[in-house]
Amino acid sequence: MQLHNYPIAQLPIARLANAESNFIMIQTLEWTDQGVRFIDQTKLPTEETYVTCTTHRQVADVIRNMVVRGAPAIGVAAAMGIALGVKNSKAETAAELEPEFDEICKEIGETRPTAVNLFWAIRRMREKFEALRARPVPQLKQALIEEAQRMHAEDIAANQTIGRHGATLMPASGGVLTHCNAGALATCGYGTALGVIRAAVEQGKKIHVFADETRPFLQGSRLTAWELMKDGIPTTVISDNMAGAMMSKGKISAVVVGADRIAANGDVANKIGTYSVAVLAKEHSIPFYVAAPFSTIDLETTDGSKIPIEQRNAKEVTHIADKQMVPDGVQVENPAFDVTPANYVTAIVTERGVARAPYRESLAKLAVVAPAT
Ligand code: MRU
């Protein structure tokens with residue numbers, strides 16, 4: 001694995017291609033001739049370091065270790081990892097390639113269980129493989145690389161549309177609380193929840209973001225605050241246990257979060273702590289919005305109780321910056337996600353439109369709507 005350190009002035013950041021946004025777009029991940037390149041999110045906010053993976057196994061590792069994280073980014077990383085694995089294959093026919101393809105998909109599919117975008121991406125790459133298996137292997141390889149790149153571009157476009165749909169729901173001015181990081185860093189650019197905030201700000205709304213720090217991995221304080229600061233969007237970091245106090249003081253007008261998987265009935269799996277925020281929002285009559293691409297909606301999972309919840313290493317809880325914070329031997333829980341029941345969710349904002357309760361009907365309707373871009 002190759003590591004690049006860029007001085008800040010030479011950061012490979014670009015403006016959105018369609019000039020739709022004035023915000024800087026962070027290159028969370030991209031396909032390059034050398035391999036798949038990721039900004040190393042474990043090092044942010046103090047170090048801007050890039051990692052280039054040259055094998056699919058390295059891509060699986062960076063997903064597992066959260067160098068890249070966030071459901072949509074995990075999905076596209078998986079697709080690029082598969083394309084990379086296929087590119088590296090020595091197989092001369094599709095029949096020879098098939099068992100290797102299956103093994104690559106298996107290894108990538110075993111990285112993180114909750115974000116359904118991972119399995120959505122694997123399925124889409126598999127469908128491409130099946131559709132084009134009669135082609136010569138070099139063409140098949142190229143088609144898979146292009147499919148992964150297409151998914152990258154589609155993700156940014158979807159986020160911009162989610163942003164447009166969601167911005168209308170944001171207050172003209174006031175505090176908006178978000179949890180974890182559902183921003184450019186969790187996607188291929190622009191973000192879902194932060195895309196809604198970016199679009200609202202671009203419409204002239206005076207939003208002040210309250211970013212929950214998001215224990216134990218601190219995606220809110222490390223990542224959300226980092227990318228909003230880059231864009232000059234006013235942001236206050238709070239520790240997770242301050243959210244209720246901020247709401248009771250009238251500082252929060254709306255909540256917007258992302259999702260890792262949304263069940264057919266509208267139950268939402270998202271970063272641990274989201275459920276507590278939703279309950280607090282309901283108690284204070286504050287709208288609670290979920291912003292996610294349609295690839296996060298899993299109509300095959302009937303309700304939230306069926307969503308697999310990833311358990312992560314206890315060390316994420318017991319240590320902060322390598323300093324031990326709990327006594328030796330104490331029991332520790334570390335579920336990475338929780339499920340917010342649909343009755344706490346005011347609306348689900350997707351690129352296909354905004355769904356409201358009853359979600360079983362509204363999400364099923366969106367499934368047959370052509371994506372609006
Ligand atoms: O464990 P993470 O950092 O991958 O969890 C990320 C989240 O929970 C995000 O809110 C979710 O993936 C939506 S990202 C647009």
Worksheet item: So how far is it from M66 CE to T111 OG1, rounded to the nearest 0.5 Å?
Response: 11.5 Å
Worksheet item: Within a radius of less than 6.0 Å around NZ of K251, do more than 12 heavy atoms belonging to other residues, nucleotides or ligands occur?
Response: no
Worksheet item: Taking all atoms of both residues into account, what is the closest heavy-atom pair of I309 and P335, and its distance?
Response: CG2-CB, 4.0 Å
Item to complete: Using atom types as modelled and distance alone, determine if a side-chain donor or acceptor of D155 lies under 3.5 Å from a backbone N or O of M151.
Response: no
Worksheet item: Judged by atom type as modelled, is there a donor-acceptor pair below 3.5 Å linking the side chain of K205 to the main-chain atoms of A167?
Response: yes
Worksheet item: Got a sec, which residues hit salt bridge (Lys or Arg N to Asp or Glu O under 4.0 Å) with K365, two or more places apart in sequence or on another chain?
Response: none
Practice prompt. State, yes or no, whether a side-chain contact exists between F101 and V86 at a heavy-atom distance under 4.5 Å.
Written response: yes
Discussion item. Do I233 and M170 sit in one hydrophobic cluster, given that two such residues count as connected whenever their side-chain heavy atoms are within less than 4.5 Å of each other, even indirectly?
Written reply: yes
Worksheet item: How far does CG of L144 sit from NZ of K141, to the nearest 0.5 angstrom?
Response: 10.5 Å
Worksheet item: Does the H179 side chain pair with the main chain of I272, one donor and one acceptor, at a distance under 3.5 Å?
Response: yes
Item to complete: Determine, stepwise, if the pair R312 / E310 fulfils salt bridge (Lys or Arg N to Asp or Glu O under 4.0 Å).
Response: CA-CA 6 Å; R312 290 190 64 85; E310 176 185 7; 2.7 Å; yes
Fill in: Exercise: identify the closest heavy-atom pair between P45 and W226
CB-CD1, 3.8 Å
Worksheet item: Have T114 and D260 got a donor and an acceptor in their side chains that come within less than 3.5 Å?
Response: no
Practice prompt. Answer yes if L177 and I286 sit in the same cluster of Ile, Leu, Val, Met, Phe, Trp and Tyr residues linked by side chain heavy atoms under 4.5 Å apart, and no otherwise.
Written response: yes
Discussion item. Given the ring of F337, does K271 sit roughly above its face, with NZ or CZ under 6.0 Å from the centre of the six-membered ring and within 45° of the axis?
Written reply: yes
Worksheet item: For R126, does the CZ atom have more than 12 heavy-atom neighbours from other residues, nucleotides or ligands under 6.0 Å away?
Response: yes
Worksheet entry | Derivation and outcome, salt bridge (Lys or Arg N to Asp or Glu O under 4.0 Å), residues K230 and E48 | CA-CA 13 Å; K230 264 193 183 300; E48 298 181 7; 3.7 Å; yes
Worksheet item: Would you find more than 12 non-hydrogen atoms of other residues, nucleotides or ligands less than 6.0 Å from R215 atom CZ?
Response: yes
Item to complete: Check whether any side-chain N or O of R356 sits under 3.5 Å from a backbone N or O of A347 as a donor-acceptor pair, and report yes or no.
Response: no
Discussion item. Are more than 12 heavy atoms, taken from residues, nucleotides or ligands other than K206, located less than 6.0 Å from that residue's NZ atom?
Written reply: no
Discussion item. Take a 6.0 Å sphere around CD of Q311 and say whether it holds more than 12 heavy atoms from other residues, nucleotides or ligands.
Written reply: yes
Worksheet, complete the sentence: In this structure, CD of E100 is separated from CG of L97 (nearest 0.5 Å) by 6.0 Å
Worksheet item: Would you say the side-chain atoms of H165 and E351 include a donor-acceptor pair closer than 3.5 Å?
Response: no
Practice prompt. Check for a donor-acceptor pair, side chain of S89 on one end and backbone N or O of K87 on the other, with a separation under 3.5 Å.
Written response: no
Worksheet item: Do H56 and I108 come within less than 4.5 Å of each other through their side chains, counting heavy atoms only?
Response: yes
Item to complete: Decide yes or no on salt bridge (Lys or Arg N to Asp or Glu O under 4.0 Å) for E110 and R64, but give the supporting numbers first.
Response: CA-CA 9 Å; E110 285 169 354; R64 197 176 289 110; 5.9 Å; no
Practice prompt. Determine whether more than 12 heavy atoms belonging to other residues, nucleotides or ligands lie under 6.0 Å from atom CD of E361.
Written response: yes
Worksheet, complete the sentence: Applying side-chain hydrogen bond (donor to acceptor under 3.5 Å, both in side chains) to N313 and not counting sequence neighbours gives none
Discussion item. For the residue pair S239 / E213, report whether a side-chain donor-acceptor contact shorter than 3.5 Å exists.
Written reply: no
Fill in: Shortest non-hydrogen contact from L29 toward T187
CD2-O, 4.2 Å
Item to complete: Give every residue pair that meets the side chain to side chain donor-acceptor pair (under 3.5 Å) criterion with at least one member in residues 329-346, sequence neighbours excluded.
Response: E316-N334
Item to complete: Using the test salt bridge (Lys or Arg N to Asp or Glu O under 4.0 Å), find all partners of E154 that sit at least two apart in sequence or belong to another chain.
Response: R124
Worksheet item: Is V277 linked to M242 within one hydrophobic cluster, defined over Ile, Leu, Val, Met, Phe, Trp and Tyr using a side-chain heavy-atom separation of less than 4.5 Å?
Response: yes
Worksheet item: Can you find a pair of side-chain heavy atoms, one from V196 and one from Y289, that are under 4.5 Å apart?
Response: no
Worksheet item: Taking the side chain from N265 and the backbone from D267, do they hold a donor-acceptor pair closer than 3.5 Å?
Response: yes
Worksheet, complete the sentence: Residue set satisfying salt bridge (Lys or Arg N to Asp or Glu O under 4.0 Å) with K43, at least two apart, ordered chain then number -> D40
Worksheet entry | Distance-only polar pair, side chains of E227 and N181, donor-acceptor under 3.5 Å | yes
Item to complete: I would like to know whether R360 and D303 meet salt bridge (Lys or Arg N to Asp or Glu O under 4.0 Å); could you show each step before the answer?
Response: CA-CA 10 Å; R360 226 177 260 290; D303 65 72; 5.4 Å; no
Extract all donor-acceptor atom pairs below 3.5 Å that involve side chains of residues 291-298 and protein atoms in other chains or at least two apart in sequence.
unit_1 : atom_1 : unit_2 : atom_2 : d
S295   : OG     : N117   : ND2    : 3.3
T296   : OG1    : N117   : OD1    : 3.3
T296   : OG1    : N117   : ND2    : 3.0
D298   : OD1    : E300   : N      : 3.2
D298   : OD1    : T301   : N      : 3.4
D298   : OD2    : R261   : NH1    : 2.9
D298   : OD2    : T301   : OG1    : 2.4

Practice prompt. Would you kindly say whether Q219 and R69 are connected by a side-chain donor-acceptor distance under 3.5 Å?
Written response: no
Discussion item. Can you confirm whether the side chains of T214 and D212 place a donor and an acceptor under 3.5 Å from each other?
Written reply: no
Fill in: Shared hydrophobic cluster, V51 / L84 (ILVMFWY, side-chain heavy atoms < 4.5 Å)
yes
